[in-house]
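Working notes, structure below.
Bear in mind that the values here come from a model prediction, so they are computed numbers and not experimental data.
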Amino acid sequence: MATAEIESQHQSPPRYFGALLLCLSFCLPQIGIAQQPNWLEQAEQLVSGGDRSAAIELIQSHLQQLPNTAEAASTARAFRELGQLLLDDGQFAEAERAFLQAKEIYETLDDSTALARLLGELGITIRQQARYPEALAWYEQSLEIFRREEDLEGMGDRYNNIGVVLELMGQYGAALQSHEESLAIARRVQDLGSVSTSLYNIGEIWRDLGELQTARQYFTDSLAIDTRLENRNDMAHSHHKLGVTLLGLGDLTASREHLDNSVKLFKAAGNQRNVVWSEGVLGKIELEAGNLALADQLLRRAADSAESLQSPTLRIEIGSYLAQLLMQQGQFGEALQVAERHIELADAVKEDTRLAALLSLQSRALAELGDYQGALRSVQRQLNIERTLFAESREASNVLTRSRVEFNRQRQLIELLEKDNELQRTQFQREEIQRTLTMVGVVLGLMLIAVYFHVRWQRRTNERLAIEVAASTEQLLHKNQALEKASITDPLTGLGNRRMIERAFAELQETGPKQPWMLFLLDLDHFKRVNDRYGHAAGDSILLGLKPCMLQVFGSDALCSRWGGEEFLIACPVSPNKQPDQLAESLRSCIEKTRFDTSVGQLSVTVSIGFAPYPLTPDPKQGHDWFRALDVADACLYAAKLSSRNAWVGIGALRSDLPASAFNDSLPSALERLEANGGIDVLKSFSVATTWA
């Protein structure tokens, strides 16, 4: 079954590596060192000048002599700075070794705060290598030290780190709780930089769950704070995530602008890993825009660069984009090789979301190459993974609904408005005091008049601010309601999306359906040829024009959704007046007869349809798995394509004593066997024998 391309999912990047030397200077008084060696000062100057490689070589050369000639604190500090430089340079294995050597020394010193910070940096290094449980253990050990020391800022940083790892492990509810803890601490200590980091990470969770409009708002808020603080490293990450989110929303122009900004900022910081990260997404943007030559240039360069970096998640992300490009170029063999190579890597590091997307590409490539059995196996594995991911995201969505995060974000924006007003008021008072000191003893009456007008102005300002805050809060509430509707609507066709159908059937599975349903899965025939020949704009016009046929045939009571790409899913209650074969034929005929208005003139397409009943059996213990009914409809769709195209195949009557276990084997084989022995009534629009696989 063809599915929508799953949006790339990435790890949230570290947001404070740009402050290496600031951290170093903060640590010096705590470890009792009055001065640092001259060669460390030289390394600082090299980093400030942008020559990171020379700084790394300088520190490495002195470390060969330092343990025998200097005290332990200097050695630990040097190893730590070396690790930070290597980490920023994407040399994760070498950075890990440097941090571990520093850790051994810090454990002998009476400096728990420096050790806690080092453990956090070690966790970041291991997280970049996709060893998430191990990174989580280092973060928790660091958090425990900060908690004993009652270091609120350190605790806030670690809660953020822990939340990022939990998110990458798919534990969205626990991740959200960690980010809430971090946000509460940041507000308590009035640290706007940490507030920005928490908003950024919460936005990443919303993006993982497919709530792109909500994620966009969080990233926008984070970027506004980063810009106000002139924190260029954090601005680069926020620009990147905004670009990725806008790409998912289809706004290619704004997405390209944000990614260009992130590349410039990352290059200025000398962060090669993140430059490759952003350039890979730029390649994806050009791919979506149809600029295949430029996309090919960007993605192949990014893929070559990613191979030299020790970041499996980055290699998987760019490899997925490259496989998509090769599919669009018609290079199916090479696309299959790229997809299979990165499937092994995604499987090894448990990147399930990326793995599902790569399996979709693999199935499409195998189908184009004529290996339909292999394509079906890939699709079945993809469906199993997506079923698990859906359960996890549904649980996380429930946690997000119950949480106080959105309220806290709104209250944070209100408090920022109040803080800005307080700053203006404080500045005004300072100027007033200065004027008053010069005039004291001269015109006391004028001072009293000034105070009177100041108090009056302050009262009016507060009243105006209260009105603005109330209006802002009401506007946010309306936006949240609109975002909820947008989250279950396909932006191109105006039909429901995958999330809408999944929510509806999740509720049916919990209570048990009160009446039988039919699932119709349809896929446009040879739609790739339309896109390749006439362009994606023409293809989008055809997809948009399918809605009238669906509403004409099924009416407003049916759940009509865009399941992914050129594939649509329609679910409707069974009615004596609407037999499934009649509905399928009416829909097939309507689409075949429609002339779709496009930018290149009127075009015609045909469709293949598969349908199946839900539930599959009256037994409530066996038959309420709607995913299995969808699998059967998918197998019927494949049979329609293999047997004829511009056709439909479906399951009509089921034998009343037929158990759900009858469908547990490989579906094509099971359906072929059940058709032969009369266990099911197979309906089809053609007279030749059904080809199941």
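Counted within 6.0 Å of NZ on K528, heavy atoms from surrounding residues, nucleotides or ligands total more than 12; the atom is thus considered enclosed. More than 12 heavy atoms of other residues, nucleotides or ligands lie within 6.0 Å of CZ in R131, so this atom counts as buried by the packing criterion.
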Donor-acceptor pairs under 3.5 Å, side chain of residues 366-376 to any protein atom, not counting sequence neighbours: which ones?
{"unit_1": "D371", "atom_1": "OD1", "unit_2": "G374", "atom_2": "N", "d": "2.9"}

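Ring orientation note: the planes of W277 and H237 are tilted relative to one another, at an angle of 30° to 60°.
Side-chain contact annotation: H179 with E204, donor-acceptor N/O pair under 3.5 Å absent. A side-chain donor-acceptor contact under 3.5 Å links E317 and Y321. R158 and S142 are linked by a side-chain donor-acceptor pair at a separation below 3.5 angstrom, with hydrogens and angles left out of the test. Side-chain contact, N160 with T197: no donor N or O sits under 3.5 Å from an acceptor N or O. Side-chain contact, N384 with R381: no donor N or O sits under 3.5 Å from an acceptor N or O.
The ring of F79 has its center no closer than 6.0 angstrom to the ring center of F99. Annotation: H239 is not in aromatic contact with F219 [ring centroid separation under 6.0 Å not met].
When all heavy atoms of Q380 and L667 are compared, the pair lying nearest together is NE2-N, 4.3 Å. Closest non-hydrogen pair, G243 versus L259, comes out as CA-CD2, 3.1 Å.
Screening N231, D226, D234, N201 for a side-chain hydrogen bond (donor to acceptor under 3.5 Å, both in side chains) with S196, the sole residue that qualifies is D226.
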